Amino acid sequence: MARKYPEYKQLNLSGISQEILKYWQDNNIFEESISSREGKPSFTFYEGPPSANGLPGIHHVMARSIKDIFCRFKTLEGYQVKRKAGWDTHGLPVELGVEKELGITKEDIGKSISVEAYNEACKKAVMRYTDVWNDLTEKMGYWVDMDDPYITYKPKYMETVWWLLKQLWDKDLMYKGYTIQPYSPKAGTGLSSHEVNMPGSYRDVTDTTIIAQFPAIKNEAYSKTFGDAVKADDKVYFLAWTTTPWTLPSNTALTVGKKIEYVMVETFNMYTHEAQKVVLAKNLVGKYFKAEQKDQPQADYDGKGKNIPWTIVWEGVGADLLELRYEQLLPYALPYENAENAFRVISGDFVTTEDGTGIVHTAPTFGADDAKVAKEATPPVPPMLVLDDNENPVPLVDLQGKFTKHMGEYGGRYVKNEYYADGEAPEKSVDVEIAIKLKEENKAFKVEKYVHSYPHCWRTDKPILYYPLDSWFINVTQHKERLVGLNKEINWKPKSTGEGRFGNWLENANDWNLSRSRYWGIPLPIWSTEDGTERKTFGSVEELKAACDEAIKAGLMDSHPFESFEPGNMDEANYDTVDLHRNVVDQIVLKSSAGEPMRRESDLIDVWFDSGAMPYAQLHYPFENKEKFETQYPADFIAEGVDQTRGWFYTLHTIAGLVFDSVAYKNVVSNGLVLDKNGHKMSKRLGNAADPFETILKYGADPVRWYMITNAQPWDNLKFDLEGIGEVQRKFFGTLYNTYSFFALYANIDGFEWNADQQTNVADRPEIDRWVLSRLQVLKQNVMNSFNEYEPTRAGRAMQQFVDEELSNWYVRLCRRRFWKGEMSTDKQMAYETLYECLFTVSQLMSPIAPFFADWLYQNLSSHLPEGSKEKSVHLTYLGEARAELIDERLNDRMKMAQQLSSMVFSLRKRESIKVRQPLQKMMVPALKPETVELIESIQDLVLSEVNVKELEILKDVSGVLVKKVKPDFKKLGPKYGKLMKQIAGAVGKFDQNDIAKLEEQGHYHLTLEGQEVELLIEDVEVSTEDIPGWLVMTENGITVALDITLSEELKNEGIARELVNRIQNLRKDSGLEVTDRIALRVQKADGLETAISENKGYITTETLTETLEMTDNLTEGLEVSFDEINTKIHLEKV
RNA sequence: AGUCCCGUAGCUCAGCUGGUUAGAGCGCUACACUGAUAAUGUAGAGGUCCGCAGUUCAAGUCUGCGCGGGACUACCA
C-alpha cells in the first residue's frame, strides 16, 4: 500500500529547517508568495536597514521574527506584501573600522590617503558581513527580498536624500548655527543627541573635582552688598564646584540662582590654613562645615588641625550677588573680544543646591547651559575664545582635545588622560595638576574624587567633550505640534511607548543637528560663498550638473565630474557614472550670482537621516516609481527595538511629517531587549551572549522563534533561556509531531485520503469531532484577531494550548480506539477527516511564527493531493475566514463537564488505588437542574470509556439521598443589599438541609438581619450537592461524583484480561511487530487466568490481532509476566 | 529629577469590564498509565498577589503614597 502521509522515526527540527529552506530556495517560494498576490491589496512593510558592518546577534532574531510574522500572516490573508531588504552603509562605525584596519587616524584622510581611496575602503568594508547577515536571514526563516536591497551609498539613494533636504531647504527649515555639542575628539566628530543617548553611553567615572575659590573684587558693588560683614583686609572668595577642572581656564562667569539663599562664612582654608571668607548657598553649608565647630572663636584656631571654626557673617539671596566681579581664576588668556564683560556673577534658572555650592562655574565654550546664560546676560558674557595663527577665534582646547599653545605649560596636553594612546598618558592628568596648582595658590576650597555618570562616545568608548561647533540644523521645533498630532494617528505596540516615551520625546524635541564632520556619508548639498552671504542647495544630480556647466564656463573648474551623466536617464548604467560622495563633490566649485566661487559646506549629514529617508530613497522617489510610491506609502507596519524610539522611529516620523505632512507608518511594534536568563544585558564581554547561528543549528529556527514570541510579550524584555527553547521543542513541537505521526500511521494503514469535495457532513459527526472542530474555529478566530492586533504572543499561546490540551491530550487520546479498531468505517472516516482538518489548519495558523515546521507539516498532509487542490507551500495558501457556523459553545460546556467528571473519577480511583485498567460497574452524578441532566447525558459515553466504568446514573433530585450546599451569588446580591452582604453570606452559610429544602420549595426565603428584611430568591443562590451518604464521593466546583467500587468476579476477570492484553501489546512491540501483524498466541495456564481468558476471549483476540490462542501447561519459551496475583508466561509469533 | 514599563508559587508567565477556594507550564515528591512514548494522567508540597493608606458591601484587579527592578529623557556645574 502506498503511503500517502510520510512517516518519520523521530523529530529533528533543525533538520526540518534545513530541508524546508532548501525546498523554498529550489522552488522560489518566497518570490511566489509575492507574485501570486499580484493585483491583491498591498500591505506595506518597511525594513529598517541593519548595518552589515557588524555581526548579527540573537536579538536580531527576535526583532526579525516579529517583522516576519506579520508579513507572512498578511500574505496568508491574501495581501501582497513586498518587503525590500536594505543596508545602512554610512556612518562612523564603518569609518572607525576602516581607520583601524588601515592604521590611520582622521587627520591622515586627505593627506596620506586620498578621500577617494578612503571612501573606496569604506564601501568595501561596509558590506563585509553581508554574507553572514544573509545567511542568518535565511536560516532563521526571515523572508525579505535580498536580491534587490536598497543600499544607502548608491547614487540613486543619495539623490533622493538630497531631494528631501532640498524640500526642507525650500520650506526654510534648515539653518546654520553654532552650538555647544557633544563632541568626540577621538572620532573627530560631533555626536547627535541620539548617539549620546545610546544605551550604555552614560557610564560612571571617577573624576577629580574641585571647589574653586574665585577671589571677589572689592569694588563699589561689593561694599554695597556685603557692607559691615567684610573688612578691608579680608580675603573673600566665591565657591564654585566643577567636575571638569580643565574648563576652569575657560571660566568667564559665575552663575547663581536669584532666589537661592546665600551666606558668607568666616573660616580658614583647609590646605593653606589662611583666614578667609567664602560665599556659598545657605543650605549647603552643612555639607562642608562641621556643626560642632560653628561659632568657635576664630582666634583659637591653631592653624593646623582639621577642626576649622566657622561663623556666618552675612546672609542674602542670589539677586544680591549679581554683577559682583571676581578675579580670573587661571589667567592664561582673555576672551578676544569684550573681555571687560567677563568674570561677573550672573543668574540662571538651572542652578540648584543639590550638590556643589549653589554657585556654578560657567565656561560658555564648553557647556550648553553655560553658553545660554552667558548669551542672555546683559551685557553678554563673552566666551573664552582666543585667536589662533590665522586670526580665527578658537577655544582653549583644540579639536583633538588638547590645550592650545595659549595654555602655557599645559599647551599641547590632552585635557583628559583617556585621550592618550595606551601607555602614553602622564601620571597626573591636567585635572589633577590644576587641582594642585589651585591648592598651592589658596584657590581650592576642597579637592576630591567623585563618581558620576558621564557620556561616552558610543564608538570610541572615550568620554565626550562639550565643544562649540558650526552645524547645520533642521528646524524641528517649528513643527513640533504637527509632529505630535501625527503621532496620535499611529498605532503603537505597546501603546505606552507611543504615547509616553515617543510622545514626550516629540513634545520636547530639539532641532535636529545634521552635521557630521566625517568623510563616508551623504554630503550636505549646500554650496556657499566664502563669506556665507549666498548659498545654493541642490536636490538632484541634474541641477548640480547644470551648475557645474556654468562653473566650467566661468573657469572656476577644469574638469566636469558628471560629464557623462545623462539627465533623465534612469538606467543603472547612467547612474553608475556618478558618485556623490565627498571625494567628488568637494572638488566642485560653483559660481555665485556675483561670479564668486562657491564651495560646499564641508559637513556630511547624520546617517540617521539616511535611514529615515528610506521610504522615498528605496524607490528613488520622486525621480522614479511615483505610482509605486503612492501605493506603498505610508507603511502599514514597521518593527524595531525600543531603542529605536529616538532613532529610526524618530527620523522616519520627522522626515515624513516635515516634508510630506504625513505619518511614515501606521502600525509600529517596538520590541524590548533580549537579556540573558538572569535578566542581565547580553554582551560579548561578559560571555553571556547567545550565538544566533549555534542556537538555530541546535534547536532549529522554529522553536527559537516560537519561544521568543510566546515566552513574553515582544515589548517586555525577554529573559532568554536555552532551556525554555528545549521546553517549547518538547512540549509544543513534540506534541504536534506526535499527533501528526499518529495520524499518519493509521491513515496510511487505512488508506485514508483527504478529499475536500467529499467530506462527511460535520453535523453528522460524533460529538467529540464537532467539539474539536468548534474549538478549532474558535482558535482560528482568536489567532487571526491577535495577529491583526499585533499581539503575536497571544496568538502563539492560544495555538499551544489548543494543540497540547485540546487536540492531543483530549481529542486524540479519547479517539484512539476509533483509529485502531477494525476496518475502515464511516466513523473512522469522520475521525480522520476531523483530525486532518485540525492539523491542516494548525499548519496554516502557526506558519507565521514557525514557518519551517508549518510548511513541513503542510506538505506531509498535502503532498498526495492532486494538482490544483494544493499549494507548493503553506505560505502560498489563503487562510480565509473562520467558519463561525461550526462554533458551538454548548459543546464546549459539555466537554468541560466531561473533562471534569473524568478527572474526578481518576482522582477517586487513585484514592482507593484502583487502576484504570480495572473496570468498575457504576458511577453516579447528582444533577438538580434539567440542563445539567441533559448535559451529563450527552457526554456519558465519553466519560465512561475514558474512566473505564460501565454505567452512569444521574441522580435527579431525590430528597434525603443527597446532602446539599448553598452559596450566595455575590454578583447578584451585592448590588441589591450592599452593606448587608456580609451578614447575608454568614446567614446563608449556616443554612441546614431543611432551610435549603424550604428555599427550593418556595423559591424564596425570608431573613431578618440587623432589623432589615431580606427576601432571598432562589436565583440569588447556587445550590449544589455535596455528599451521597454511603458512597465514595468527591465534590468539585459544585459537581459531585460517586463511584461504586465493589468488584464482582466478572469485573475482576475483565481487569485481568485487560492486563493480559497490555502485556501482549508490549511484547508485540518489543518483538518489533507492525501494528497490523497478526499473531499466534500461547499462554501458560495459571490460577484464575483461564476463566478470565475464556470470558474475554473475543476482546483479547481482537485487541491483539490474535489468530489462534492456546493455553498450555508448560510453556518453555516466552516471556514471564505477573500482575495482580497472577504469574504466567506468554509467547507469540507472527502468522 | 522627569516619563514609561514591570513586581502574582523555586523559575517563566496568565488573571477580561472589581464578585469570595488566585491559575497554567516547568521544576520537585509520590503513584499510575503507556499499540502517540524525548509523551501522558492523578495527587502532594509550594502564594501576607512588593508595602501602606484610600474608594467599595466586595480589591491581585481601581486611586494615592512609598519600596524594589528595568528602559528612556534631561542634567550632571
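Values below: every heavy atom of this structure, side chains too, minus hydrogens, waters and symmetry copies. No experiment lies behind these values; they were computed from the predicted model shown. Throughout, protein chains are lettered first and strands after them, A, B, ... in sequence-line order, and every chain is numbered starting at 1.
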In whole angstroms, the gap separating P of B/A36 from CG of A/D804 amounts to 17 Å

Here the distance between atom C1' of B/A36 and atom CZ of A/R818, to the nearest Å, is 16 Å

Contacts of A/S741 meeting side-chain contact (heavy atoms from CB on, under 4.5 Å) (sequence neighbours excluded), chain-then-number -> A/Y737

Across all chains, not counting sequence neighbours, the side-chain contact (heavy atoms from CB on, under 4.5 Å) partners of A/R730 are A/E727

A/E789 meets the salt bridge (Lys or Arg N to Asp or Glu O under 4.0 Å) criterion, sequence neighbours left out, with A/R794

- [ ] Indicate, with a heavy-atom threshold strictly under 4.0 Å, whether A/R797 touches base, sugar-phosphate, or nothing.
- [x] sugar-phosphate

Residue set satisfying ring-ring contact (aromatic ring centres under 6.0 Å, His included) with A/F649, at least two apart, ordered chain then number -> A/W492

Name the pairs: protein N/O against N/O of nucleotides 7-10 of chain B, kept only if under 3.5 Å.
none

Just by distance, no angles: are the side chains of A/W706 and A/Q800 close enough, under 3.5 Å, to form a donor-acceptor pair?
yes

Touch check for A/T357, heavy atoms < 4.0 angstrom, all strands: base, sugar-phosphate only, or nothing?
nothing

Worksheet entry | Heavy-atom donor-acceptor pair, A/Y836 side chain to A/F743 backbone, under 3.5 Å | no

Quiz item: Does any donor atom in the side chain of A/S250 or A/T247 lie under 3.5 Å from an acceptor atom in the other side chain?
Solution: no

Taken to the nearest whole Å, CH2/A/W706 to P/B/U12 is 22 Å

Please write out the pairs of protein N or O atoms and N or O atoms of nucleotides 15-19 of chain B separated by less than 3.5 Å, giving the distance to one decimal.
none

Closest to the side chain of A/Q713, out of B/A38, B/A14, B/A36, is B/A14

